[in-house]
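Order of the sequence lines sets the chain letters (A, B, ...), proteins ahead of strands, with each chain counted from 1. Here the structure is a predicted model, which is why all the values come from computation and not from measurement.
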Protein chains: 2
Amino acid sequence: MTIMDKLVTASEALFDRHGFTATGMDKLTQGAGISSRTLYKHAGSKNALIARVLGERDKRFARRLEVESIDALFKALEDWVRVEGARGCLFLRALGETGGDTPEIVDAVLAHKARVAERIAVLVEGETGRDDPMLVEQIIVLFEGATAAAVYRGEQAVVAARQAAASLMAGAGS
Amino acid sequence: MTIMDKLVTASEALFDRHGFTATGMDKLTQGAGISSRTLYKHAGSKNALIARVLGERDKRFARRLEVESIDALFKALEDWVRVEGARGCLFLRALGETGGDTPEIVDAVLAHKARVAERIAVLVEGETGRDDPMLVEQIIVLFEGATAAAVYRGEQAVVAARQAAASLMAGAGS
DNA sequence: TTCAATGTAAAACGATCGGTTTACACTGTC
DNA sequence: GACAGTGTAAACCGATCGTTTTACATTGAA
């Protein structure tokens with residue numbers, strides 16, 4: 001495990017549990033077991049570290065979304081919530097905490113959201129056989145809503161989203 | 001306009017645009033045009049101020065949700081987004097920034113979410129004539145998802161949520 | 001065996017954090 | 001005309017912020 005891996009892993013957990021602004025550099029160096037000099041040599045700055053954490057999370061999340069149906073997509077989200085917990089979308093949380101004033105963070109968030117939206121668009125077109133932007137938008141909203149609502153309603157929110165998606169997909173025929 | 005009104009109004013705007021942790025007390029006093037001593041005499045502490053801001057926002061939001069159908073509920077959300085902008089649910093953002101470690105904030109968030117869920121439950125039962133917990137959960141997810149997705153997809157997310165809700169409500173017959 | 005690279009620990013930078021305190025001006029009322 | 005109440009301005013508290021720096025240990029290759 002490289003220094004960067006240790007740093008990113010520890011940082012992601014700390015950011016996720018305590019927030020980005022509330023997590024100081026000392027907590028990050030302490031969590032990763034490295035000196036502050038090493039952190040800055042590798043990460044450059046706190047904002048760059050946040051952007052890198054988001055980038056790595058995006059990759060890990062995308063790996064989970066390598067499925068072949070909308071139904072499996074929501075099942076994958078259910079697994080994610082069960083394994084990683086439900087504290088809301090870390091990307092949107094980063095955006096909210098920084099007010100959109102940090103370009104590197106904005107870029108990381110938009111890239112992630114674009115990737116998920118594209119994944120959904122491909123799956124919807126694959127299942128329905130046609131380009132249906134409104135249906136795609138509805139699935140995106142359900143996916144986002146399940147992530148957010150799971151914070152205070154638990155897994156049942158994801159289950160409901162999956163069933164709602166199934167209904168909408170079924171009704172999209174012809 | 002009382003001191004408390006000025007303080008809460010200015011604080012809500014600052015918290016919403018720049019985040020809770022990133023907004024210092026000096027920005028709050030400066031924004032409200034009052035001294036720090038006056039702020040502490042009225043609000044007690046930063047966390048108490050945050051809780052009060054959330055409480056007032058909940059009231060204002062609830063006033064908007066005094067509608068008579070699920071369709072009107074999503075139209076109300078559309079209005080809200082157009083007027084107040086889409087920076088994500090301020091309650092969940094507060095929860096995320098504090099990691100759920102501040103009881104007064106947790107209470108304010110849960111009270112708000114319970115109120116919205118109850119409102120949705122009443123509307124669903126009023127329109128379908130029966131108690132359908134799964135449908136209620138689906139509408140909650142759509143509502144939450146529209147709020148979150150509007151951050152990066154704009155109003156179309158709310159429109160899609162409204163249409164999805166209409167489909168699900170229509171399919172809930174008997 | 002010199003040299004650059006990579007790491008550590010720890011002090012220090014100026015700025016800002018949430019919060020308190022002191023000193024003082026203005027108000028309306030008994 | 002004393003007095004409590006409410007406000008301001010500003011200094012101050014210790015702590016922490018993100019970041020840089022100094023000084024030193026370890027390593028592997030030329």
Which whole-number value in Å describes the distance from A:Glu104 CD to D:dG18 P? 14 Å
Begin with the C-alpha distance, continue with both residues' side-chain angles, and end with the deciding distance and a verdict on side-chain contact (heavy atoms from CB on, under 4.5 Å) for A:Phe91 and A:Ile105. CA-CA 9 Å; A:Phe91 298 86; A:Ile105 294 177; over 6 Å; no
Whole-Å distance between D:dT8 C1' and B:Ile34 CD1? 11 Å
Enumerate the residue pairs fulfilling salt bridge (Lys or Arg N to Asp or Glu O under 4.0 Å) with a member in residues 140-149 of chain A, sequence neighbours excluded, ordered by first and then second residue. A:Lys113-A:Glu144
Donor-acceptor contact below 3.5 Å, side chain A:His112 vs main chain A:Ala108: no
Donor-acceptor pair, A:Thr128 side chain versus A:Arg130 backbone, under 3.5 Å? yes
Strictly by ring pair (Phe, Tyr, Trp, His ring centres under 6.0 Å), give each pair with a member in residues 137-158 of chain B just once, sequence neighbours left out. B:Phe74-B:Phe143
Would you say CZ of B:Arg52 has more than 12 non-hydrogen atoms from neighbouring residues, nucleotides or ligands within 6.0 angstrom? no
Rounded to the nearest Å, what distance is computed from the CG atom of residue B:Leu39 to the P atom of nucleotide D:dA10? 17 Å
A:Lys41 NZ to D:dT22 C1': how many Å, rounded? 13 Å
Distance check needed: C:dA9 C1' versus A:Gln30 CD, whole Å only. 14 Å
Which parts of nucleotides 16-23 of chain C does protein reach within less than 4.0 Å, heavy atoms only, written one letter per nucleotide 5' to 3' as B for base, S for sugar-phosphate only and - for none? -SSBBBBB
Establish, with yes or no, whether the OP1 or OP2 oxygen of C:dA9 is under 4.0 angstrom from a side-chain nitrogen or oxygen of A:Ser35. no
Rounded to the Å, how far apart are A:Ile3 CD1 and C:dT8 C1'? 10 Å
Please state whether the phosphate of D:dG7, meaning OP1 or OP2, lies under 4.0 angstrom from any side-chain nitrogen or oxygen of B:His42. yes
